[in-house]
Peer 1: 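The structure that follows is given in the form of structure tokens.
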Amino acid sequence: CTLYGLGTETNARKAVSLFLECARIDVNTDDLPFYVEGGWKPFQRQAYSAVINIYSQGICMPKDERKAFYYRKLICDMGIGTSQDYINLAACYQRGIGVDKDLAEGFKYLKKAADMNNNVATDLVADCLCHGIGVAKNSEEAQKYNLRGIAIVQDNPWEMG
């Protein structure tokens, strides 16, 4: 509501502050009077993701790719990122969005997404290995990742990433 001025004055900076306050709260879900599946971490991730979207898209304030990158990296380093978060972080490193371009670091995060059984990430890792992008060329490893990506899709064709 604060971000878009719904029932209150629009204030993007205050909205970011509120999202960050929510993300930093450490809630023991066992103490809540209702069941929260997966604990508090998904809520933390959502709050950080809102901040990332505000900064990366310039919602109600100027874009700031460096801040968006900072929070992308934070959720991945905290271990609360999804495989897509790792792919997005890898893209920042590979394209130099909000951070200096670093293909090796980008490959590292793509590999983490692939380790989470994301078939898009396995294909991207295979491409990197095949062409030597951020890692030494290795056609045998590339083939393993290609086969792994196919297996992921065959195991669950409705969840392709």
Peer 1: Can you check side-chain contact (heavy atoms from CB on, under 4.5 Å) on C130 and K137, steps first, answer last?
Peer 2: CA-CA 6 Å; C130 184; K137 283 185 181 185; over 6 Å; no
Peer 1: Using 30° and 60° as the class limits, which term best fits the ring planes of Y55 and Y71: parallel, tilted or perpendicular?
Peer 2: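 The arrangement is parallel - the two ring planes meet at less than 30°.
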Peer 1: Please report the interatomic distance CG(L129) to CG(L110), rounded to the nearest 0.5 Å.
Peer 2: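 If we round to the nearest 0.5 Å, L129:CG and L110:CG are 10.0 Å apart.
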Peer 1: Hydrophobic clustering (ILVMFWY, side-chain heavy atoms < 4.5 Å, transitive) - are Y4 and I54 grouped together?
Peer 2: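 Yes: a chain of side-chain contacts under 4.5 Å links I54 to Y4.
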Peer 1: Same cluster or not: I133 versus V125, using hydrophobic residues (I, L, V, M, F, W, Y) connected whenever any side-chain heavy atoms lie under 4.5 Å apart?
Peer 2: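 Cluster IDs for I133 and V125 differ.
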Peer 1: Start with the C-alpha gap between C128 and Q94, add the side-chain angles, then the distance that decides, and say whether side-chain contact (heavy atoms from CB on, under 4.5 Å) holds.
Peer 2: CA-CA 11 Å; C128 289; Q94 291 179 327; 3.8 Å; yes
Peer 1: Quick check: closest heavy atoms across K63 and Q57, and the distance to 0.1 Å?
Peer 2: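 Looking at all heavy atoms of both residues, the shortest contact is CG-C, 3.8 Å.
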Peer 1: Identify whether M78 and V51 are in the same connected component of the hydrophobic contact network (ILVMFWY, side-chain heavy atoms under 4.5 Å).
Peer 2: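 Shared cluster, yes.
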Peer 1: Flag the pair D115 and R148 as a salt bridge only when some basic side-chain nitrogen lies within less than 4.0 angstrom of an acidic carboxylate oxygen.
Peer 2: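 Yes, D115 and R148 are salt-bridged.
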Peer 1: Quick one: does any side-chain atom of D85 pair with a main-chain N or O of T82 as donor and acceptor, under 3.5 Å?
Peer 2: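 Present.
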Peer 1: Rounded at 0.5 Å granularity, tell me how far NZ in K41 sits from CD1 in I80.
Peer 2: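 K41 NZ to I80 CD1: 6.5 Å, rounded to 0.5 Å.
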Peer 1: Using the rule given for side-chain contact (heavy atoms from CB on, under 4.5 Å), can you reason through F69 versus L89, listing the C-alpha separation, both sets of side-chain angles and the distance that settles it, and then say yes or no?
Peer 2: CA-CA 7 Å; F69 169 81; L89 183 60; 3.3 Å; yes
Peer 1: List the steps and the verdict of side-chain contact (heavy atoms from CB on, under 4.5 Å) for R72 and Y93.
Peer 2: CA-CA 11 Å; R72 282 185 206 286; Y93 275 114; over 6 Å; no
Peer 1: So which atom in A121 and which in A113 form the shortest heavy-atom distance, rounded to 0.1 Å?
Peer 2: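 Minimum heavy-atom contact is CB-CB, 3.5 Å.
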Peer 1: To the nearest 0.5 Å, how far apart are CD in E140 and CD in Q143?
Peer 2: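 The CD atom of Q143 is 10.0 Å from CD of E140, to the nearest 0.5 Å.
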Peer 1: State the CD1-OG1 distance between I152 and T122, to the nearest 0.5 angstrom.
Peer 2: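 Reported value, rounded in 0.5 Å steps: 4.5 Å.
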Peer 1: Please report the shortest heavy-atom distance between C60 and L3, naming the atom on each side.
Peer 2: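 Nearest pair, atom of C60 first, then L3: SG-O, 3.3 Å.
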Peer 1: Exactly one of R13, K14, E9 should register a side chain to side chain contact (heavy atoms under 4.5 Å, CB included) with T2. Which one does?
Peer 2: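 Checked R13, K14, E9 against T2; only one passes side chain to side chain contact (heavy atoms under 4.5 Å, CB included): K14.
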Peer 1: Applying the 4.5 Å side-chain criterion to the ILVMFWY set and letting contacts propagate, would V16 and I59 be lumped into a single cluster?
Peer 2: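 In one cluster with V16: I59, yes.
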Peer 1: For K111, look at atom NZ and say whether over 12 heavy atoms of other residues, nucleotides or ligands are found less than 6.0 Å away.
Peer 2: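 Result for NZ/K111: open.
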Peer 1: Between Y86 (side chain only) and G81 (backbone N and O only), is there a donor and an acceptor less than 3.5 Å apart?
Peer 2: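 Pair absent, no side-chain N/O of Y86 close to backbone of G81.
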Peer 1: Look up atom CG in N138 and atom OH in Y145, then write down how far apart they are to the nearest 0.5 Å.
Peer 2: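 N138 CG to Y145 OH: 10.0 Å, rounded to 0.5 Å.
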Peer 1: Got a second to check how far S83's OG is from K112's NZ, nearest 0.5 Å?
Peer 2: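 Between S83 OG and K112 NZ, I get 13.5 Å after rounding to 0.5 Å.
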Peer 1: Is there a continuous path of hydrophobic side-chain contacts, each under 4.5 Å between heavy atoms, that joins F19 to Y48?
Peer 2: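 They do share one cluster, since a chain of ILVMFWY contacts under 4.5 Å joins F19 to Y48.
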